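What follows is a single structure, written as structure tokens, with notes after it.
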Amino acid sequence: MTAIPEHAGGLPGACDVAIVGGGPAGLGAALRLKHLGIEAIVLDREAEAGGIPRHCGHYPFGMREFHRILKGPDYARRLVQAAKQAGVAIFTQTSVVALDPGPCLTVTTPDGRAEIRAKRILLSTGVRERSRAGRLVGGQRPWGVLSTGALQSMVYLKGRRPFERPVIVGSELVSFSAILTCRHAGIRPVAMVEANDRVTAWWFAAGLPRLTGVPLHLNSRVLRVVGDQRVEAVELQNGAGASRLIEADGVIFSGQFLPEATLPRAAGLTIDPGSGGPAVDQYGRCSDPAVFAAGNLLRPVETAGWSWQEGVFAADRIAASLAGQLSERQGAIEMRVHGDAAVKFVLPQRLALPVLPGAMRNLQLRAKRPFHGTLSVRQNGRTLWSGRRSGRPERRILLPLAPIAEKAVPGTIEIDLQEEF
């Protein structure tokens with residue numbers, strides 16, 4: 001086992017496990033590996049580790065990990081402190097620019113370029129919000145158009161107030177986080193805009209705009225941003241096709257998360273088109289079995305606590321892999337969603353046979369649109385499992401993996417939906 005000094009002055013040339021990303025998943029994995037007697041290093045491109053929660057100056061974080069409710073920055077600091085106190089080496093301002101077979105990482109730091117060879121690698125690079133260009137919103141390119149992440153960074157990390165009367169586009173949980181961030185900075189949003197007929201987040205979140213005096217426009221979408229030097233207004237179109245202008249000095253494009261999968265994509269790892277992240281088996285292994293993935297890189301988007309839990313799970317599986325205890329792929333099952341537009345993807349995307357103890361407990365599905373009906377898992381004309389489920393966009397849908405794996409054979413499994421109208 002390669003020893004990593006607790007106070008290493010520079011990056012090691014080799015290590016047992018290199019973790020790319022210092023958010024909840026990466027830090028949870030690093031701490032768990034340390035407890036298992038395996039040395040891991042954490043590489044994070046930011047000046048401080050902690051991930052997205054560093055930017056979220058509101059509750060609730062920390063129930064799974066610390067059994068108390070914390071604000072995001074306090075939660076992030078606790079994760080970092082716990083890892084450092086256990087002796088985990090965390091290297092910040094360290095960007096991983098390439099992942100090659102071996103596996104080998106090429107990194108850049110303020111001191112230059114380096115290579116790190118590891119026995120196993122865990123990718124936990126998280127997600128990013130879809131940009132304005134990705135949403136096909138027209139208009140000019142004035143100052144005042146931000147993502148929620150950029151807004152949180154300005155407000156909580158830099159103490160800046162980028163605008164006073166923005167429009168919030170989207171209604172996911174992060175969109176309501178944007179309202180709280182605005183209130184913290186004395187910013188008064190003039191509208192929240194959602195293209196669907198109800199908010200994407202849980203129903204109780206819809207009360208926050210009312211409580212804070214933010215008009216909620218459902219069945220509406222932003223056509224264009226108006227303004228030359230700064231945002232002056234946004235043009236909305238409702239479900240009937242009528243358009244109107246709302247005066248504003250900023251726009252916050254929130255949600256519609258995408259996995260930050262640039263590194264695994266460039267490395268030639270198999271990417272799942274449904275989730276946008278690397279395809280993994282039931283142990284979290286990518287198409288290169290020396291590379292694992294965890295957290296929001298696997299799918300957009302989960303809570304910090306869920307991501308932390310996946311990091312801990314990945315650490316246990318990495319330890320089993322180093323000990324030669326995982327399936328060596330004597331056979332494989334490919335998971336596929338039957339041509340139904342309501343189900344977006346299934347995770348894991350493949351099962352390595354035999355399915356040994358310690359695998360993921362559930363198949364995770366996501367919906368593109370609301371549905372209610374019977375989900376069936378079938379192979380070669382046999383039904384391995386079926387059950388009634390409801391789904392909405394960006395909500396977690398879980399199916400039990402064990403009874404499916406017990407009956408499955410090498411080949412392809414299809415997940416089918418029979419909707420009830």
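From a predicted model like this one, the values you see are computed outputs, not experimental measurements.
- Residues L351 and Q282 share a closest heavy-atom pair of CA-OE1, 3.2 Å.
- A salt bridge is defined here as a Lys NZ or Arg NE, NH1 or NH2 lying under 4.0 Å from an Asp or Glu carboxylate O, and E172 with R395 fails to meet this definition.
- R366 contributes a side-chain N or O that, together with a main-chain N or O of V301, makes up a donor-acceptor pair within less than 3.5 Å.
- The shortest non-hydrogen separation linking A83 to L27 is CB-CD2, 4.3 Å.
- Side-chain N or O atoms of S153 include none that pairs as donor or acceptor with a backbone N or O of G149 at under 3.5 Å.
- In this structure, CG in L216 is found 10.0 Å from OG1 in T212, a value given to the nearest 0.5 Å.
- Among the candidates D272, L123, V127, L347, the single residue satisfying the side chain to side chain contact (heavy atoms under 4.5 Å, CB included) test with L298 is L347.
- Looking at I52 and P24, their side chains never come closer than 4.5 Å, going by heavy atoms from C-beta outward.
- Separating the CD1 atom in I318 from the CZ atom in R32 is a distance of 12.0 Å, to the nearest 0.5 Å.
- Aromatic ring orientation, H184 versus Y156: tilted (interplanar angle from 30° to 60°).
- The environment of R392 atom CZ is dense: over 12 non-hydrogen atoms of other residues, nucleotides or ligands sit within 6.0 angstrom.
- Between H217 and L236, the closest side-chain pair of non-hydrogen atoms falls below 4.5 Å.
- Between D74 and R77 there is a salt bridge, since at least one side-chain N of the basic residue sits less than 4.0 Å from a carboxylate O of the acidic one.
- Side-chain contact between C182 and L151 is present, with heavy atoms from C-beta onward closer than 4.5 Å.
- Under a 3.5 Å cut-off, the side chain of Q379 and the backbone N or O of V409 do form a donor-acceptor pair.
- Expressed to the nearest 0.5 Å, how far CG of L375 lies from OG of S386 amounts to 9.5 Å.
- In this structure, I404 and V377 have side chains that are in contact, with non-hydrogen atoms separated by less than 4.5 Å.
- With R117 contributing its side chain and G13 its backbone, the two residues share no donor-acceptor pair below 3.5 Å.
- Considering OG of S124 and CG of L297, their distance stands at 8.0 Å, rounded to 0.5 Å.
- You'll find the side chain of P189 reaches within 4.5 Å of the side chain of V214, heavy atoms only.
- Counting only distance, with no hydrogens or angles, the side chain of S220 and the backbone of E194 share no donor-acceptor pair below 3.5 Å.
- To the nearest 0.5 Å, atoms CZ (R130) and CZ (F253) are separated by 12.0 Å.
- A salt bridge does not link E394 with R299: every distance from a Lys NZ or Arg NE/NH1/NH2 to an Asp or Glu carboxylate oxygen is 4.0 Å or more.
- Because its NZ or CZ atom is both nearer than 6.0 Å to the ring centre of W306 and within 45° of the ring axis, R396 counts as a cation-pi partner of that residue.
- Contact detail for I121 and P103: the closest heavy-atom pair is CD1-CB, 3.5 Å.
- Counting heavy atoms from C-beta outward, L223 and V137 have side chains that stay 4.5 Å or more apart.
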In sequence, state the C-alpha distance, the side-chain angles, and the governing distance for K119 and D16, and then conclude on salt bridge (Lys or Arg N to Asp or Glu O under 4.0 Å). CA-CA 5 Å; K119 295 176 183 176; D16 288 326; 3.2 Å; yes
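- Here the side chains of V107 and F91 are not in contact, with every heavy-atom distance at 4.5 Å or above.
- Under the 3.5 Å distance criterion, the side-chain polar atoms of T125 are matched with a main-chain donor or acceptor of E260.
- We find the CD1-CG distance between I415 and L365 to be 4.5 Å, quoted to the nearest 0.5 Å.
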Walk me through whether S254 and E129 qualify under side chain to side chain contact (heavy atoms under 4.5 Å, CB included). CA-CA 7 Å; S254 67; E129 289 171 285; 3.9 Å; yes
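- With salt bridges taken as basic N to acidic carboxylate O contacts below 4.0 Å, none links R188 and E164.
- Judged by distance alone, with hydrogens and angles left aside, the side-chain atoms of D281 form a donor-acceptor pair with the main-chain N or O of R285 at under 3.5 Å.
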I'd like to know whether L399 forms a side chain to side chain contact (heavy atoms under 4.5 Å, CB included) with N362, so could you lay out the CA-CA distance, the side-chain angles of the two residues, the decisive distance to 0.1 Å, and finally the verdict. CA-CA 5 Å; L399 309 184; N362 298 291; over 6 Å; no
Candidate pair T303 and F61, rule side chain to side chain contact (heavy atoms under 4.5 Å, CB included), full reasoning: CA-CA 9 Å; T303 63; F61 293 87; over 6 Å; no
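- Annotation for E334: atom CD counts as buried by contact number, over 12 foreign heavy atoms lying within 6.0 Å.
- Between I116 and L43, the closest side-chain pair of non-hydrogen atoms falls below 4.5 Å.
- Surrounding CG of L398 are more than 12 heavy atoms belonging to other residues, nucleotides or ligands, all under 6.0 Å away.
- The neighbour count for R183 CZ, taken as heavy atoms of other residues, nucleotides or ligands under 6.0 Å away, does not exceed 12.
- Of the listed residues (I168, V231, V193, V222), just one forms a side chain to side chain contact (heavy atoms under 4.5 Å, CB included) with V251, and that residue is V231.
- Between P400 and R389, the shortest heavy-atom distance links the atoms CD-NH2, 4.3 Å.
- Between P162 and M154, the closest heavy-atom pair is CB-SD, 3.6 Å.
- Around the CZ atom of R160, the shell of radius 6.0 Å holds no more than 12 heavy atoms that belong to other residues, nucleotides or ligands.
- A salt bridge does not link E414 with R378: none of the charged nitrogens is closer than 4.0 Å to a carboxylate oxygen.
- Between the S321 side chain and the R317 main chain, no donor and acceptor come within less than 3.5 Å of each other.
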Pair E39, V17 - check side chain to side chain contact (heavy atoms under 4.5 Å, CB included), show working. CA-CA 7 Å; E39 298 292 344; V17 182; over 6 Å; no
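- No more than 12 heavy-atom neighbours from other residues, nucleotides or ligands sit within 6.0 angstrom of CZ on R336.
- T109 contributes a side-chain N or O that, together with a main-chain N or O of D111, makes up a donor-acceptor pair within less than 3.5 Å.
- Heavy-atom contacts from other residues, nucleotides or ligands closer than 6.0 Å to CZ of R141 number more than 12.
- Between the side chain of T108 and the backbone N or O of R113 there is no donor-acceptor pair closer than 3.5 Å.
- Taking all atoms of both residues into account, the shortest heavy-atom contact from A293 to C286 is CB-SG, 3.9 Å.
- Residue-environment remark: CZ (R361) stays at or below the threshold of 12 foreign heavy atoms within 6.0 Å.
- A cation-pi arrangement is found for R78 relative to F66, the charged atom lying closer than 6.0 Å to the ring centre and inside a 45° cone about the ring normal.
- For the 3.5 Å distance criterion, the side chains of H58 and S177 qualify, holding a donor opposite an acceptor.
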